[in-house]
Amino acid sequence: MRTYSLDDVYSTRKRRDSWWTVYFVDPVACRAALLVANRTRLTPNQLTVLSLVLGMVSATFFAMDQLTAGAVMFYLSFMVDCLDGKIARLKGSGTPFGLWLDYLGDRIRVVFCATGLAYGQYAITGDVGYVVMGAALAVVDLFRYVNAPQMRRVRETVRAEAEAEAEAEAETEAEADGAGRAEDDEVEVWVPRQRPPLSRRRRLSRRINKAMARRRIRTHLISGIEFHAAVFVVAPLLGTVALIPISAVASVLLLANEVVLVRRMWLFTRKHRAPSKGSREHVLV
């Protein structure tokens, strides 16, 4: 069996990831992946199942009002969930079924942990607000994971249509160029349209984006991973008083991020639906 190095494991990290994963999970997960790869025969699917089991243990602790233990188990569950992808990429053992299993395990873990938090606090306080909190967490998380693949499908469809239109236009232009040259000896040169200089805000945005890319951090700072970390790790560690406020803030920020992503998708579809006719100009020499 091949012996892997830490550099081999580092090469399996995503090119860009959430800041929570980069700073608080990968430092532990990479070393754990090295141990798993060299000392065990665990498969990615087995790691996914282990992650789900740890998630169920976390939900049980939450239901028993053991918030600190629940937060620790949720962190371990997420860390193991990161391991399955690293091992799959390291050994080339990933499968489509594994992707489905990982997706399903994530959803089950979130629903059960949200239910455990709500039940544990409602059983003690009788406050219906915790029931609403648990339901809201499950719905917000489900919306994000339903919305993401749909937006991806729209982008892929638009790109495919745009590529097909571009190919058709290129063929038409090639035919027209051939006919024109047969009648006229003039040479047609394509000159790309000069782009306007970037604004100060745009230049600053690009510099920030490059700095984040060097640290492997994604541009959208609030995603599902940060949402889970805030609700199921940070809030429980801070105590009962932090559960509803942090859950509310995290939910609002996640939904705001989704709105931004939907707006970007809308602008993307508009751009490709009505392509600019003046992107290039003809110059006869």
Side-chain angles (χ1 to χ4, degrees), residues 1-59 71-113 141-142 144-149 151-153 155-156 212-233 254 257 261:
M1 184 173 65
R2 175 186 171 184
T3 299
Y4 298 94
S5 68
L6 192 57
D7 287 337
D8 292 330
V9 177
Y10 284 157
S11 68
T12 66
R13 297 178 300 182
K14 295 178 181 177
R15 188 175 61 87
R16 300 190 76 165
D17 212 334
S18 72
W19 60 267
W20 174 266
T21 301
V22 170
Y23 290 118
F24 296 100
V25 179
D26 267 353
V28 178
C30 286
R31 285 161 178 79
L34 183 64
L35 179 64
V36 170
N38 289 331
R39 301 294 181 85
T40 75
R41 295 184 180 276
L42 289 172
T43 67
N45 288 350
Q46 289 172 338
L47 290 169
T48 301
V49 173
L50 175 59
S51 172
L52 179 57
V53 171
L54 293 174
M56 296 300 99
V57 174
S58 173
V72 171
M73 294 307 298
F74 189 91
Y75 173 85
L76 291 176
S77 173
F78 181 76
M79 190 269 290
V80 173
D81 189 36
C82 291
L83 285 184
D84 60 11
K86 288 179 171 56
I87 297 298
R89 291 187 289 272
L90 188 65
K91 297 186 175 182
S93 55
T95 63
F97 176 80
L99 291 174
W100 172 84
L101 185 63
D102 184 66
Y103 177 88
L104 183 65
D106 288 346
R107 305 289 64 71
I108 293 175
R109 177 178 56 194
V110 170
V111 169
F112 272 80
C113 286
D141 181 75
L142 181 62
R144 190 190 99 82
Y145 276 90
V146 169
N147 187 40
M151 289 195 297
R152 190 178 303 114
R153 286 179 60 188
R155 285 181 174 272
E156 290 173 353
M212 294 172 67
R214 286 194 294 270
R215 293 166 175 80
R216 299 194 305 111
I217 299 175
R218 295 186 301 210
T219 52
H220 49 288
L221 299 178
I222 303 298
S223 66
I225 293 175
E226 287 83 11
F227 173 73
H228 297 160
V231 171
F232 299 119
V233 178
L254 182 63
N257 181 67
L261 294 178

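Note that the structure is a prediction, hence the values are computed from the model and not measured.
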Taking everything shown except Phe112 itself, do over 12 heavy atoms lie less than 6.0 Å from its CZ?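 No, because the 6.0 Å sphere around CZ of Phe112 holds 12 heavy atoms or fewer from other groups.
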
Dump the intermediate steps for side-chain contact (heavy atoms from CB on, under 4.5 Å) on Asp17 and Ile225, then the final yes or no. CA-CA 10 Å; Asp17 212 334; Ile225 293 175; 4.1 Å; yes

Within this structure, what is the OG-CG distance for the pair Ser77 and Leu52, rounded to the nearest 0.5 Å?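 Taking OG in Ser77 and CG in Leu52, the distance rounds to 7.5 Å.
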
Any chance you could measure Arg218, atom CZ, to Ser18, atom OG, to the nearest 0.5 Å?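 Arg218 atom CZ to Ser18 atom OG measures 5.0 Å (nearest 0.5 Å).
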
Mind checking whether [X] and [Y] have side chains closer than 4.5 Å, heavy atoms only?
X: Leu54; Y: Phe78; answer: no
X: Leu254; Y: Glu226; answer: no
X: Tyr4; Y: Arg2; answer: yes
X: Phe74; Y: Cys113; answer: yes
X: Phe24; Y: Val233; answer: no
X: Val110; Y: Asp106; answer: no
X: Val36; Y: Arg31; answer: no
X: Asn45; Y: Thr95; answer: yes

Side chains of His228 and Asp141 only: does a donor on one sit below 3.5 Å from an acceptor on the other?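 On atom types as modelled, these side chains qualify, holding a pair under 3.5 Å.
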
Return yes if a side-chain donor-acceptor contact under 3.5 Å exists between Ser5 and Asp8, otherwise no.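 Short answer, yes.
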
Whether the side chain of Arg109 engages the backbone of Gly55 through a donor-acceptor N/O pair (distance < 3.5 Å, no angle test) should be reported.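 It does not hold such a pair.
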
Exam field: side chain Asp102 to backbone Leu99, donor-acceptor pair closer than 3.5 Å: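 Between the backbone of Leu99 and the side chain of Asp102 there is no qualifying donor-acceptor contact (under 3.5 Å).
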
Could you tell me which non-hydrogen atom of [X] sits nearest to which non-hydrogen atom of [Y], and how far apart they are?
X: Ala37; Y: Leu90; result: CB-CD2, 3.6 Å
X: Cys30; Y: Leu6; result: O-CD1, 4.1 Å
X: Ile87; Y: Ser93; result: O-OG, 3.9 Å
X: Arg41; Y: Gln46; result: O-OE1, 3.9 Å

Going by salt bridge (Lys or Arg N to Asp or Glu O under 4.0 Å), name the residues that satisfy it together with Arg215, two or more places apart in sequence or in a different chain.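 For Arg215 there are no salt bridge (Lys or Arg N to Asp or Glu O under 4.0 Å) partners, ignoring immediate neighbours.
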
For Arg216 and Arg13: C-alpha separation, side-chain torsions, deciding distance, then whether side-chain contact (heavy atoms from CB on, under 4.5 Å) applies. CA-CA 9 Å; Arg216 299 194 305 111; Arg13 297 178 300 182; 3.5 Å; yes

So, is the end of the Arg107 side chain (NZ or CZ) under 6.0 Å from the ring centre of Tyr103 and within 45° of the ring's axis?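 Yes, Arg107 lies over the aromatic ring of Tyr103.
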
For this output row, return yes or no: ring centroids of Tyr23 and Trp19 closer than 6.0 angstrom.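 Ring centroids of Tyr23 and Trp19 are no less than 6.0 Å from each other.
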
Does Phe227 have any ring pair (Phe, Tyr, Trp, His ring centres under 6.0 Å) partners at least two apart in sequence or in another chain, and if so, which?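 In terms of ring pair (Phe, Tyr, Trp, His ring centres under 6.0 Å), with neighbours along the sequence ignored, Phe227 is linked to no residue.
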
Quiz: residues 79-86 side-chain donor-acceptor pairs under 3.5 angstrom, not counting sequence neighbours:
| from | atom 1 | to | atom 2 | distance (Å) |
| --- | --- | --- | --- | --- |
| Asp84 | OD2 | Thr48 | OG1 | 2.6 |
| Lys86 | NZ | Asp26 | OD1 | 2.8 |

